[in-house]
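Below you'll find the structure, written out as structure tokens, and then a few comments.
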Number of protein chains: 2
Amino acid sequence: MKIDLEKELAIVLLSGGMDSAVCASWAKSQDLNLAALHINYGQRTESKELQSFHEICKFFDIEIKLIVDISYLTAIGGSSLTDMKIEVSKAKLDSNEIPTSYVPFRNANILAIATSWAEVIKARKLIIGAVEEDGSGYPDTRREFFDSFEKVISSGTIDTNIQILTPLINLSKREIVELGNLLNVPFELTWSCYTSSDKACGECDSCALRLRGFQQANINDPLKYKIRLDYQ
Amino acid sequence: MKIDLEKELAIVLLSGGMDSAVCASWAKSQDLNLAALHINYGQRTESKELQSFHEICKFFDIEIKLIVDISYLTAIGGSSLTDMKIEVSKAKLDSNEIPTSYVPFRNANILAIATSWAEVIKARKLIIGAVEEDGSGYPDTRREFFDSFEKVISSGTIDTNIQILTPLINLSKREIVELGNLLNVPFELTWSCYTSSDKACGECDSCALRLRGFQQANINDPLKYKIRLDYQ
């Protein structure tokens, strides 16, 4: 997607995971120009995610890219994603506990950066693949949080009306897989696993949610896994 | 101030400028334990501000410190504070224009970090020396913005009720100088100038606002200046 001056510019948060890739594909279907923001917050899996980010941008012809390092979240700690001393939880999909992979207030940090960038490049939409999935339990993935953040943007910027679009917010993982399949998302380029290696582990929360989504949608996940358990 | 477990813990945003030093002194007068957060966002004056930060922490016996580099704001640009290609404005105190030193949505970036840290160290108050001073014109220094941000925190964190205290928000620079004087703030340790050198320039917006405040309060600013103009 080359820059077309008649189209509106939107920033898509592109982690490299499958949800953000579905978001990018959805945004393309809405006839938006896209700029892609990738956040490195010191997570274990950064090198795999960054590789996916570049491959997905290339796939969608996204040329305006920004990679931001907020590895201060590693210093702040409090999460197994950033603190190497905390063991990554094995998946417990039916639990209501906040998983140890929770980074406190992560999405607010990310949206603040996205808004600063949007002010400069004159984007008026931020697109984020947040999902209020059962069992994930992150408070900053609820639509209520994004509504509050839109108000913060309008009160904290100069005459700016920025919308935060969350096209996946009410979808189940199964529905995200189905939507991505309809949109021809290159799932093989995405990376969801919380541990980093050549193949996805198949056992962490994120792999388990992804695999269950594909299994429920009866669609084959083209990613390579060490273990493919039955999560249905 | 050593850590007293019976006292409530608060995070004070400590840039090294005089407003944040007055905030720290005010917080001490409120019998709070203090943790200090210093943000390096790639501004020209960082080395002077960091030196002031450490000296002010030492003065107030603040032992819990966090220094966070968000110089991604330099990459995002759009401001003379971070973009070396934009010339720093000479002070125009009566102008309603947004000064070129504006970093888009800076305070939201800073508060997001402070909130993540507060979640981990269990602080329930953030103290920031924002001032709705005539002529400064930054939209993210208005109390309305901080009220919105409190709502974002309550919707984006886990059962957390964090207050954002802005003790200086309605004060004029003159009143901040007077309050600081009453509280015995070590003004000689603080740094406000937007240009970096041994002596403050005396001509940028920040120097002009500071000097005018001291002149109106009829109190001597112990800082060394290249030029001391009459701003009254």
Side-chain angles (χ1 to χ4, degrees), chain A residues 37 39-41 65-79 82-83 97-98 102-122 130 137-160 162, chain B residues 37 39-41 65-79 82-83 97-98 102-122 130 137-160 162:
Chain A
L37 174 60
I39 302 290
N40 165 11
Y41 51 93
K65 300 194 261 186
L66 178 67
I67 296 163
V68 172
D69 184 325
I70 54 170
S71 51
Y72 58 78
L73 286 181
T74 310
I76 292 174
S79 160
T82 55
D83 183 342
E97 282 175 40
I98 299 290
Y102 174 65
V103 175
F105 215 47
R106 180 174 67 184
N107 281 344
N109 284 272
I110 292 172
L111 288 173
I113 295 164
T115 304
S116 292
W117 195 33
E119 279 272 271
V120 173
I121 66 173
K122 313 251 185 265
Y138 295 170
D140 56 355
T141 61
R142 293 176 305 199
R143 185 59 225 184
E144 178 198 349
F145 166 75
F146 296 105
D147 290 339
S148 298
F149 208 93
E150 280 182 351
K151 288 184 190 142
V152 160
I153 295 173
S154 71
S155 69
T157 56
I158 304 163
D159 297 331
T160 307
I162 288 179
Chain B
L37 173 60
I39 302 290
N40 165 11
Y41 51 94
K65 299 194 262 187
L66 179 66
I67 296 163
V68 173
D69 185 324
I70 54 169
S71 51
Y72 58 77
L73 285 182
T74 310
I76 293 175
S79 159
T82 55
D83 183 343
E97 282 176 40
I98 300 291
Y102 174 65
V103 175
F105 216 46
R106 180 174 70 185
N107 281 344
N109 283 272
I110 293 172
L111 287 172
I113 296 165
T115 304
S116 292
W117 195 32
E119 279 271 273
V120 173
I121 66 174
K122 314 249 183 267
Y138 295 169
D140 57 353
T141 61
R142 293 176 303 198
R143 184 61 225 184
E144 179 197 349
F145 166 75
F146 296 105
D147 290 341
S148 297
F149 208 94
E150 281 182 351
K151 288 184 191 143
V152 161
I153 296 173
S154 72
S155 69
T157 56
I158 304 162
D159 296 331
T160 305
I162 288 180

Can you check side chain to side chain contact (heavy atoms under 4.5 Å, CB included) on A:Ile70 and B:Ile70, steps first, answer last? CA-CA 7 Å; A:Ile70 54 170; B:Ile70 54 169; 5.6 Å; no
If I compare all heavy atoms of [X] with all of [Y], which pair ends up nearest, and what's the gap?
X: A:Ile158; Y: B:Pro139; answer: CG1-CG, 3.6 Å
X: B:Ser116; Y: A:Pro104; answer: OG-O, 2.7 Å
X: B:Phe145; Y: A:Val152; answer: CE1-CG1, 3.6 Å

Pick whichever of A:Ser155, A:Ser148, A:Ala118, A:Ser154 has the most heavy-atom pairs under 4.5 Å with chain B. A:Ser155
Under a 4.5 Å cutoff for heavy-atom pairs, which residue among A:Asp69, A:Ile121, A:Val68 has the most contacts with chain B? A:Val68
Rounded to the nearest 0.5 Å, the CZ atom of B:Phe105 sits from the CD1 atom of A:Ile162 at a distance of 8.0 Å
When the 4.5 angstrom heavy-atom criterion is applied to A:Ile153 and chain B, the contacting part is both
Toward chain A, the part of B:Leu66 with a non-hydrogen atom under 4.5 Å: side chain
Derivation of the side chain to side chain contact (heavy atoms under 4.5 Å, CB included) call for A:Ile113 and B:Asn109: CA-CA 7 Å; A:Ile113 295 164; B:Asn109 283 272; 3.4 Å; yes
Residues that A:Asp147 engages under salt bridge (Lys or Arg N to Asp or Glu O under 4.0 Å), provided they are two or more places apart: A:Arg143
Which residues satisfy the side chain to side chain contact (heavy atoms under 4.5 Å, CB included) test with B:Lys65, sequence neighbours excluded? B:Phe53, B:His54, B:Cys57
